[in-house]
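So the structure is just underneath, and the comments pick up after that.
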Amino acid sequence: MPCPSPANPVSCGMTHPDSAPDLYHPSDVEAKWQAAWEARGTNVVPEARLRSPDRPFYNLMMFPYPSAEGLHVGNIYAFTGADVHGRFQRLQGKDVFEPIGFDAFGIHSENFALKVGSHPMDLIPKNVANFTRQLRRIGGMFDWNHTVDTTTPDYYRWTQWLFLQLYKGGLAERKEAPVNWCPSCMTVLANEQVQGGQCERCDSAVEQRRIAQWFFRISSYAPRLLENLATLDWSETTRKAQENWIGRSEGAILRFPAAGDAGATDGGAAGDAATEGDAASDATNVEVFTTRPDTVFGATWMVLAPEHPLVDRFTTPGQRAEVEAYRAAAAKMDLVARKKTDKTKTGVFTGGHCLNPATGREIPVWISDYVLMEYGTGAIMAVPGHDERDFEFASTFALPIPRVVAGEGDDAATPLEEAYTGPGRLVNSGDFDGMEVDEAKRAVTEWLAERGLAQGTVNFRLHDWCISRQRYWGPPIPIVHCEACGHVPVPEDQLPVILPRVEDFKPDDSGVSPLARVAEWYATSCPACGGAARRETDVSDTFLDSAWYFLRYPSTDVADAAFDPGITKAWLPVDTYIGGNEHAVLHLLYSRFITMALHDLGHLDFEEPFTRFRAHGLIVKDGAKMSKSKGNVVVPDPIIEEYGADTFRLYLMFLGPFEEGGDYRDAGIAGPWGFLKRVWDTVVPVEALLEGAPDPAVERKLHQTIEQVTRQLPELGYNTSIAAMMEYLNAVRAGGRQARRAEVEPLVPLLAPFCPHLAEELWERLGHEGSIFDGAHWPAYDPALCIEDTVTVAVQVNGKVRATLELPRGASEADAVAAARAEENVARFLGDAPPRRIIFVQDRLLNLVAS
RNA sequence: GCGAAAGUGGCGGAACUGGUAGACGCGCGAGACUUAGGAUCUCGUGGCCCCGGCCGUGGGGGUUCGAGUCCCCCCUUUCGCACCA
């Protein structure tokens with residue numbers, strides 16, 4: 001092989017005289033095969049096959065955000081793990097589609113562009129080019145003919161189309177809402193992007209603002225999103241995260257009628273709760289959501305969120321000043337302070353009262369910021385005896401704390417030192433006294449429901465998805481605002497609404513998008529009436545770009561639709577999706593929602609996008625998370641330069657269980673490097689390989705190895721599969737023995753998912769035509785040949801190992817006992833007497849219990 | 001606080017349904033071979049030790065002939081969520 005890179009001392013020491021040994025030079029081998037794959041289209045699924053595949057396998061991995069820094073080790077780890085999976089499927093004869101793309105819109109890119117004083121439209125193509133180069137270099141089986149870049153009009157045209165489908169389906173709505181505002185990023189954040197009251201990107205304290213926003217009604221899909229989880233083959237942790245995020249809780253809406261001293265009534269209750277009972281029709285009811293309707297007898301006051309629309313109605317003139325002051329303070333407070341759980345409870349009495357629907361007694365109505373408008377009905381009944389927060393509130397304001405549930409050993413009069421939330425029987429609850437908590441929840445709800453004062457309900461924590469961003473770097477939302485017609489969707493044949501190149505795209509404190517400063521862009525005519533109109537100047541959330549990209553990949557050549565129905569039917573849903581658990585909730589949930597919505601709107605015939613999802617682990621360095629500030633970031637390029645992509649891939653997969661991650665140590669790469677060198681030295685030169693049948697012992701080991709790797713690879717058991725191959729090679733080379741062709745040839749395809757370049761090279765040298773990845777070359781194993789004919793049996797006396805025996809497989813208990821008793825050491829511990837008891841596990845263990 | 005996962009040699013990590021704890025690799029030690037190669041190849045490598053054993057999988061109990069694995073209590077770490085009514 002010619003040496004294209006004489007500058008690289010690793011790949012070749014200057015020149016190769018004819019007499020020089022044929023050493024393993026990874027950069028030569030890898031350059032050769034990357035070029036060959038490109039020239040032959042090895043990794044491309046051609047149009048015809050895309051339309052009618054034999055055994056389609058859609059191998060998806062999370063596409064990267066193309067940062068200026070380039071691929072990091074975490075990316076490579078994830079992609080390699082996914083690539084190993086895809087290559088294994090292909091070696092077994094599947095038609096594997098393995099695309100990659102770039103998630104390049106969003107605040108990340110925009111903030112970076114602002115920082116370096118460049119334009120994202122200039123930066124992104126450079127970054128994409130750099131990522132592409134790096135991705136090719138690591139040897140992924142990517143189909144470069146089917147790649148997406150979310151920032152190209154060809155792609156976001158269909159993102160906008162998607163918005164219009166949801167709009168038409170009644171799943172997109174514009175509403176003014178209190179939103180999270182990041183003063184540093186100067187943009188609205190979705191609730192999901194607020195972490196503990198801080199911006200998940202820049203950690204600034206988030207404030208509240210009211211802005212008109214576009215929302216997708218994902219909350220109306222909450223029950224299905226939750227129920228379907230049970231049917232998915234997903235990492236358990238991911239499913240659990242979604243389950244918690246959706247946050248189903250069963251309970252009841254209870255209605256508390258306003259008492260006589262409340263302000264004038266002018267209609268129904270707050271919220272959008274269902275039909276009202278007769279008793280409630282002409283009175284103001286405060287609706288609360290509770291999971292503990294059984295404790296209603298212990299509800300001795302109620303609390304409204306400061307923003308609750310009924311606050312005015314309950315506020316008496318004497319309390320007005322205090323209430324207004326409290327509301328003003330709460331409105332000004334940022335969410336960090338507002339949501340802090342460890343601060344002492346604050347609140348103000350409105351002066352008004354409600355009637356407890358169970359006891360009929362008047363109870364005071366308070367407002368407090370620990371009640372959130374965004375959850376339930378924005379109002380609660382306070383049961384200090386059996387709710388920790390209410391207990392704390394009662395303690396602060398010296399309110400009475402009656403007991404209505406008695407746990408074991410308690411009675412109706414046992415004082416409460418803290419809120420009791422455990423099981424028990426009702427007390428001080430009228431006719432319900434003595435009833436178990438669980439039964440009482442149902443019975444109390446039924447009892448109140450008869451009078452129109454309650455209704456069993458299921459509540460979800462999941463909020464609607466705010467997709468508006470008051471930023472520049474995203475797809476414009478395809479809506480036109482017309483004074484006469486209102487919001488008018490841009491007709492589909494006018495898509496894409498092109499994002500204009502704007503040099504001044506810096507957001508400002510006005511709370512509107514930078515596009516709102518570009519009159520020549522937003523000034524347009526109404527598609528409905530033709531009158532003067534204004535384009536929506538908000539762009540959409542990046543999560544929308546990534547919520548459907550897997551639908552686009554196979555259809556990137558399709559110009560007139562987001563995805564071709566035939567191709568989509570052939571390839572989707574995705575067979576295996578591999579990615580980071582940091583997207584366990586948002587990206588995966590949004591993708592599921594979009595797929596479900598498209599299904600309901602008649603565009604897809606399946607409703608779950610990812611049949612199988614596996615979350616990979618995290619790579620840490622020397623026991624700590626990699627970060628620039630710690631200075632322990634591993635830069636991949638020099639390592640690949642030095643050892644080659646195959647060694648790097650192998651090392652990453654060998655570090656630890658793929659789904660758990662591993663600890664990267666610079667020195668550790670020597671193991672996989674040495675292994676690949678030994679593989680090479682064992683096979684090359686092929687003329688030196690011995691012909692003939694494999695040595696029986698080696699052959700047994702071979703079949704055991706094939707069996708193990710074949711079993712473990714689909715389960716992503718990469719580290720142990722590699723260990724098995726290492727063991728096998730050790731067996732082949734034991735004592736310096738010369739390998740036979742039949743012993744090493746099957747090892748090449750086993751290694752191919754991890755080290756595709758080396759495998760191709762050795763495969764070719766072994767005399768095969770074409771790519772090892774064409775033609776299902778995964779080796780078969782013979783279960784009969786996996787079985788050992790002698791086994792090592794441990795001999796225990798009283799549970800302690802005293803000897804080991806080499807016995808023929810299947811040896812009887814009698815034979816084993818005889819052989820064991822002949823062992824000097826066994827006899828010493830056992831004595832002469834016959835054992836009191838014998839435990840015999842065939843081919844494994846013999847335990848003699850002495851009397 | 002709630003939820004999830006995990007604690008095994010100097011290190012990363014193995015161990016199927018309870019059945020020889022420490023595979024594989026790093027590191028380390030000894031030796032061999034070397035016109036020097038990132039060397040390579042052997043052998044060894046949990047701790048203690050009277051060389052027969054004893055102790056050992058975060059700690060403490062328990063079940064069992066036998067527990068890293070099962071049960072109970074506790075400790076620690078990581079990751080989610082967090083005033084969710």
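In what follows, every chain begins at residue 1, and chains take the letters A, B, ... in the order their sequences are listed.
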> Expressed in whole Å, how much space separates the P atoms belonging to B:A14 and B:A23?
Replying inline: 13 Å

> What nucleotide, of B:A4, B:C24, B:C84, holds the atom closest to the side chain of A:Thr237?
Replying inline: B:A4

> If you check every side-chain atom of A:Asn719, which of B:A82, B:A14, B:C24 has the closest atom?
Replying inline: B:A14

> For the side chain of A:Ile380, counting heavy atoms from C-beta on, which of B:A85, B:A23, B:A82 is nearest?
Replying inline: B:A85

> With rounding to whole Å, what would you report as the distance between B:A6 and B:A15 at their P atoms?
Replying inline: 13 Å

> Roughly how far apart, to the nearest Å, are B:A32 and B:A39 at atom C1'?
Replying inline: 14 Å

> Under 3.5 Å, is there a donor-acceptor pair between the A:Thr238 and A:Asn581 side chains?
Replying inline: yes

>> Just by distance, no angles: are the side chains of A:Asp387 and A:Tyr420 close enough, under 3.5 Å, to form a donor-acceptor pair?
In response: no

> Base, sugar-phosphate alone, or nothing: which one does A:Arg711 contact when heavy atoms must sit under 4.0 Å apart?
Replying inline: nothing

>> Once rounded to the nearest 0.5 Å, what's the spacing between atom CD of A:Gln712 and atom OG1 of A:Thr720?
In response: 3.5 Å

> What integer distance in Å separates A:Glu582:CD from B:A5:P?
Replying inline: 19 Å

> How far, in whole Å, is B:G56 from B:G22 if one measures between their C1' atoms?
Replying inline: 11 Å

> Nearest to the side chain of A:Gln796 - B:A23, B:G19, B:C54?
Replying inline: B:G19

> Run the side chain to side chain donor-acceptor pair (under 3.5 Å) check on A:Arg733 and A:Thr682 step by step: do they pass?
Replying inline: CA-CA 8 Å; A:Arg733 291 166 59 95; A:Thr682 309; 2.9 Å; yes

>> Check the phosphate of B:G18 against A:Arg844, side-chain N and O only, distance under 4.0 Å to OP1 or OP2. Yes or no?
In response: no

> Does A:Asn581 make a side-chain N or O approach to OP1 or OP2 of B:A5 shorter than 4.0 Å?
Replying inline: no

>> Taking only side-chain N and O atoms of A:Asn730, does any of them lie within less than 4.0 angstrom of OP1 or OP2 on B:G25?
In response: yes

> Which nucleotide, B:A14, B:C83, B:G19, lies nearest any side-chain atom of A:Arg389?
Replying inline: B:C83

>> Under 4.0 Å, heavy atoms only, any strand: does A:Leu655 hit a base, just the sugar-phosphate, or nothing?
In response: sugar-phosphate

> To the nearest angstrom, how far is A:Phe658 atom CZ from B:A5 atom C1'?
Replying inline: 17 Å

> If the C1' atom of B:A21 is compared with that of B:U57, how far apart are they to the nearest Å?
Replying inline: 7 Å

>> Checking side-chain polar atoms at under 3.5 Å, does A:Asn459 have a donor or acceptor matched by the opposite partner on A:Ser249?
In response: no

> Side chains of A:Gln842 and A:Glu813: is there a donor and an acceptor less than 3.5 Å apart?
Replying inline: no

> Could you state the CD-P distance from A:Gln704 to B:A14, rounded to the nearest angstrom?
Replying inline: 20 Å

> B:G19 pairs with which nucleotide, Watson-Crick or G-U wobble, both distances below 3.5 Å?
Replying inline: B:C65

>> Side chain of A:Asn847, heavy atoms from C-beta onward: which of B:G66, B:G25, B:C11 has the nearest atom to it?
In response: B:G66

>> Both A:Arg802 and A:Ala794 contact RNA chain B. Taking the nearest nucleotide for each, which residue is further toward the 5' end?
In response: A:Ala794

>> Tell me the interatomic distance from A:Glu374, atom CD, to B:C83, atom P, rounded to whole angstroms.
In response: 9 Å

> Whole-Å distance between B:G12 P and A:Ile722 CD1?
Replying inline: 18 Å

> Just checking A:Asn825: base, sugar-phosphate only, or nothing, at a heavy-atom cut-off of under 4.0 Å?
Replying inline: sugar-phosphate

> Taking it one step at a time, do A:Thr346 and A:Tyr326 satisfy side chain to side chain donor-acceptor pair (under 3.5 Å)?
Replying inline: CA-CA 9 Å; A:Thr346 59; A:Tyr326 188 84; 2.7 Å; yes

> In the structure shown, which nucleotide is the Watson-Crick or G-U wobble counterpart of B:C48, with both distances under 3.5 Å?
Replying inline: B:G53

>> So, OP1 or OP2 of B:G53: does either fall under 4.0 Å of a side-chain N or O from A:Arg828?
In response: yes

> If you check every side-chain atom of A:Asp663, which of B:G12, B:G25, B:G19 has the closest atom?
Replying inline: B:G12

> Can you name the closest pair of heavy atoms from A:Val404 and A:Phe297 and give their distance?
Replying inline: CG1-C, 3.8 Å

> Distance between the P atoms of B:G58 and B:G68, in whole angstroms?
Replying inline: 10 Å

> What is the pairing partner of B:C79, taking Watson-Crick or G-U wobble pairs with both distances under 3.5 Å in any strand?
Replying inline: B:G3

> For A:Phe840 and B:U20, what is the distance between atoms CZ and P respectively, to the nearest whole Å?
Replying inline: 14 Å

> In terms of base orientation, is B:G46 syn or anti, with the syn window spanning 90° either side of 0?
Replying inline: anti

> A:Arg678 has a side chain; which of B:C41, B:G12, B:A85 sits nearest to it?
Replying inline: B:C41

> Any side-chain N or O of A:Arg733 less than 4.0 Å from the OP1 or OP2 oxygen of B:C41?
Replying inline: yes

> A:Gln242 has an atom CD; how far is it from atom P of B:G80, in whole Å?
Replying inline: 16 Å

> Does A:Arg802 make a cation-pi contact with A:Phe829 (under 6.0 Å, within 45 degrees of the axis)?
Replying inline: yes

> Considering every strand shown, what is the Watson-Crick or G-U wobble mate of B:C24 when both distances are under 3.5 Å?
Replying inline: B:G12

> Which part of the nucleic acid, if any, lies within contact of A:Thr720, taking any heavy atom under 4.0 Å across all strands shown: a base, the sugar-phosphate backbone alone, or nothing?
Replying inline: sugar-phosphate

> When we call it a touch if two heavy atoms are under 4.0 Å apart, what does A:Phe391 touch: a base, just sugar-phosphate, or nothing?
Replying inline: nothing

>> I'd like the C1' distance from B:G12 over to B:G59, given in whole Å.
In response: 25 Å

> Looking at B:U20, B:C84, B:C41, which one has an atom nearest to any side-chain atom of A:Tyr375?
Replying inline: B:C84

>> Could you tell me how far B:U76 sits from B:C26 if I compare only their C1' atoms? Round to whole Å.
In response: 27 Å

> Out of B:C26, B:C54, B:C24, which nucleotide sits closest to the side chain of A:Lys800?
Replying inline: B:C54

> So, is A:Lys345 near the phosphate of B:A85, with a side-chain N or O under 4.0 Å from OP1 or OP2?
Replying inline: no

> Taking OP1 and OP2 of B:C11, is either one under 4.0 Å from a side-chain nitrogen or oxygen of A:Arg665?
Replying inline: no

> Can you tell me the Watson-Crick or wobble partner of B:C84, both distances under 3.5 angstrom?
Replying inline: none

> Just how far, in rounded Å, is C1' of B:A4 from CG of A:Asn244?
Replying inline: 8 Å

>> For A:His308 versus A:Arg327, what's the shortest heavy-atom pair and its separation?
In response: O-NH2, 3.6 Å

>> Under a 3.5 Å cut-off for both contacts, is B:G29 paired Watson-Crick or G-U wobble with anything, and if yes, with which nucleotide?
In response: B:C43

> Which sits closer to the 5' end of RNA chain B, A:Asn459 or A:Ala670, going by the nucleotide each is nearest to?
Replying inline: A:Ala670

